Asker: 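Take this structure, written in structure tokens, and hold onto it; I'll ask about it next.
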Amino acid sequence: NAGVTQTPKFQVLKTGQSMTLQCAQDMNHEYMSWYRQDPGMGLRLIHYSVGAGITDQGEVPNGYNVSRSTTEDFPLRLLSAAPSQTSVYFCASSYTGASGNTIYFGEGSWLTVV
Amino acid sequence: DAKTTQPNSMESNEEEPVHLPCNHSTISGTDYIHWYRQLPSQGPEYVIHGLTSNVNNRMASLAIAEDRKSSTLILHRATLRDAAVYYCIHSGGGADGLTFGKGTHLIIQP
């Protein structure tokens with residue numbers, strides 16, 4: 001059981017470059033989300049999705065786009081990377097978005113923008 | 001701003017119980033209380049959650065105050081593998097996601 005899989009694990013980008021962080025889950029979860037974690041800080045919600053075709057913004061959405069064409073996949077796109085987007089990114093999923101559901105996290109993607 | 005208050009760090013000895021406190025005075029009636037932990041260089045890992053009653057699972061126990069404004073995560077017998085940052089979160093789900101504060105850095109001494 002793979003759970004939540006993120007790729008790549010490490011990436012270095014130059015300022016202005018674009019890239020996509022991939023996230024896939026095999027648990028048939030409706031709810032998926034992306035968080036970023038800066039050094040010594042907690043996680044902050046970037047975007048989330050309550051089902052295929054539905055996405056919405058979280059706490060820190062600027063500079064990021066998402067789409068949800070299938071239940072399994074929820075890619076995060078950086079259109080024009082900036083040094084402020086250097087962070088660790090975590091994808092997460094849960095059965096639904098209800099408050100009592102357990103959320104499962106991927107292992108993280110370490111992104112450095114130079 | 002984080003919606004919960006936790007000590008920045010705590011230290012305990014191996015094989016002793018650990019009580020990790022959390023204050024969540026702004027919790028609403030339908031919010032669940034969640035605890036997650038994060039080991040170095042890993043994603044957060046679910047520990048336990050509850051609504052009103054105390055909860056037990058194989059990892060830990062969760063004691064919730066009667067007014068629900070605070071809770072305590074109890075690790076009954078700490079091991080070195082329990083050294084991690086522990087996050088206490090209350091969530092209404094959906095757009096709220098999980099609002100992580102800085103958590104409590106738990107140090108376990110052998």
Side-chain angles (χ1 to χ4, degrees), chain A residues 2-7 9-10 21 23 25 27 29-51 54-61 64 66 74 87-110, chain B residues 1-9 22 24 26-53 55 57-60 62 64 68 71 84-105:
Chain A
V4 179
T5 304
Q6 292 182 232
T7 57
K9 193 167 180 68
F10 300 98
L21 298 177
C23 176
Q25 52 89 12
M27 297 174 281
H29 285 170
E30 291 295 325
Y31 185 88
M32 296 186 73
S33 53
W34 277 100
Y35 292 82
R36 62 175 287 174
Q37 184 174 35
D38 298 321
M41 305 294 289
L43 281 71
R44 291 185 292 170
L45 182 64
I46 305 172
H47 283 286
Y48 67 98
S49 168
V50 298
I54 306 169
T55 65
D56 210 340
Q57 297 180 351
E59 180 187 357
V60 288
Y64 308 95
V66 292
F74 191 45
S87 190
V88 184
Y89 292 84
F90 292 99
C91 180
S93 75
S94 65
Y95 182 59
T96 72
S99 63
N101 282 180
T102 299
I103 294 185
Y104 298 85
F105 288 85
E107 295 187 347
S109 296
W110 273 252
Chain B
D1 292 338
K3 297 187 287 187
T4 60
T5 303
Q6 300 177 252
N8 289 333
S9 65
C22 179
H24 30 77
T26 62
I27 192 169
S28 72
T30 56
D31 285 3
Y32 275 77
I33 299 158
H34 298 257
W35 283 81
Y36 284 77
R37 72 180 185 182
Q38 188 174 23
L39 280 65
S41 299
Q42 294 190 24
E45 173 189 32
Y46 169 81
V47 177
I48 199 166
H49 76 285
L51 185 61
T52 57
S53 303
V55 184
N57 66 21
R58 63 175 180 82
M59 290 181 69
L62 176 60
I64 302 172
R68 299 203 336 120
S71 63
V85 178
Y86 285 78
Y87 297 99
C88 165
I89 302 150
H90 65 88
S91 171
D96 287 350
L98 295 179
T99 299
F100 285 77
K102 293 186 179 181
T104 297
H105 184 199

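Numbers restart at 1 for each chain; the letters A, B, ... are given by sequence-line order, proteins then strands. Treat the numbers as computed from the prediction; the structure is a model and nothing was measured.
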Asker: Count the heavy atoms of every other residue, nucleotide or ligand shown that sit under 6.0 Å from CD of A:Glu30, and state whether that count exceeds 12.
Answerer: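 Yes, enclosed.
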
Asker: By the salt bridge (charged side-chain N to carboxylate O under 4.0 Å, His left out) test, which pairs, at least two apart or in different chains, include something from residues 93-103 of chain A?
Answerer: none

Asker: Answer with side chain, backbone, both or neither: which region of A:Ser33 has an atom nearer than 4.5 Å to a non-hydrogen atom of chain B?
Answerer: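 When you check distances to chain B, no heavy atom of A:Ser33 falls under 4.5 Å.
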
Asker: Taking the side chain as every heavy atom from C-beta outward, state whether B:Ser41 and A:Trp110 have any atom pair closer than 4.5 Å.
Answerer: yes

Asker: Considering only heavy atoms from C-beta outward, does the side chain of B:Tyr46 approach that of A:Phe105 to under 4.5 Å?
Answerer: no

Asker: Which salt bridge (charged side-chain N to carboxylate O under 4.0 Å, His left out) pairs, counting each pair once, include a residue from residues 33-45 of chain B, with sequence neighbours left out?
Answerer: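 Non-adjacent pairs meeting salt bridge (charged side-chain N to carboxylate O under 4.0 Å, His left out): B:Arg37-B:Glu45, B:Arg37-B:Asp82.
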
Asker: Hey, are the side chains of A:Met41 and B:Lys102 touching, using non-hydrogen atoms and a 4.5 Å cut-off?
Answerer: yes

Asker: Tell me, with the steps shown, if B:Gln38 and A:Phe90 meet side-chain contact (heavy atoms from CB on, under 4.5 Å).
Answerer: CA-CA 12 Å; B:Gln38 188 174 23; A:Phe90 292 99; 3.5 Å; yes

Asker: With rounding to the nearest 0.5 Å, note down the distance linking OG1 in A:Thr102 to OH in B:Tyr36.
Answerer: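 Output value for this atom pair is 5.5 Å.
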
Asker: Using non-hydrogen atoms only, which part of A:Gln6 is less than 4.5 Å away from chain B: side chain, backbone, both, or neither?
Answerer: neither

Asker: So how far is it from B:His49 NE2 to A:Ile103 CD1, rounded to the nearest 0.5 Å?
Answerer: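 One finds 10.5 Å between NE2 of B:His49 and CD1 of A:Ile103.
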
